[in-house]
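The structure appears below as structure tokens.
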Amino acid sequence: REHNIDPENTLFLGNDINDIPAFKTVGYPVAVADAFLEVEEFIKFKTKAKGGHGAVREVCDIIFRSKK
């Protein structure tokens with residue numbers, strides 16, 4: 001809200017049940033490979049990399065390549 005960005009135009013990367021409210025809020029909810037199974041129904045994409053092992057870089061690379 002502070003930057004006037006529509007939540008539908010945002011991505012959230014998480015891994016745990018406490019991330020479910022954020023997954024429900026953003027337009028593109030993403031979980032890391034080793035996320036809790038309970039989040040599966042709330043995400044659109046799951047990384048191949050585990051949290052802390054390149055998952056953020058994986059998502060950044062996907063975004064970068066999609067802009068070409």
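None of the values given here were measured: they were computed from a predicted structure.
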Tell me who clusters with I5, hydrophobic residues only, linked when side chains sit under 4.5 Å apart either directly or through other members. none
Please table the atom pairs, donor to acceptor, closer than 3.5 Å between any side-chain atom in residues 12-31 and protein atoms at least two apart or in another chain.
{"unit_1": "D19", "atom_1": "OD2", "unit_2": "N15", "atom_2": "N", "d": "2.8"}
{"unit_1": "D19", "atom_1": "OD2", "unit_2": "D16", "atom_2": "N", "d": "3.0"}
{"unit_1": "T25", "atom_1": "OG1", "unit_2": "P21", "atom_2": "O", "d": "2.8"}

Step through the shown structure and confirm whether more than 12 heavy atoms of other residues, nucleotides or ligands are within 6.0 Å of CZ on F45. yes
Say you draw a straight line from CD1 of I43 to CD of E41; how long is it, rounded to the nearest 0.5 Å? 10.0 Å
Between side-chain atoms of residues 54-63 and protein atoms elsewhere (two or more places apart, or another chain), which donor-acceptor pairs fall under 3.5 Å?
{"unit_1": "R57", "atom_1": "NE", "unit_2": "D61", "atom_2": "OD1", "d": "2.8"}
{"unit_1": "R57", "atom_1": "NE", "unit_2": "D61", "atom_2": "OD2", "d": "3.3"}
{"unit_1": "E58", "atom_1": "OE1", "unit_2": "K48", "atom_2": "N", "d": "3.0"}
{"unit_1": "E58", "atom_1": "OE1", "unit_2": "A49", "atom_2": "N", "d": "2.9"}
{"unit_1": "E58", "atom_1": "OE2", "unit_2": "K48", "atom_2": "N", "d": "2.9"}

According to salt bridge (charged side-chain N to carboxylate O under 4.0 Å, His left out), who are the partners of E40, at least two apart in sequence or on a separate chain? K46
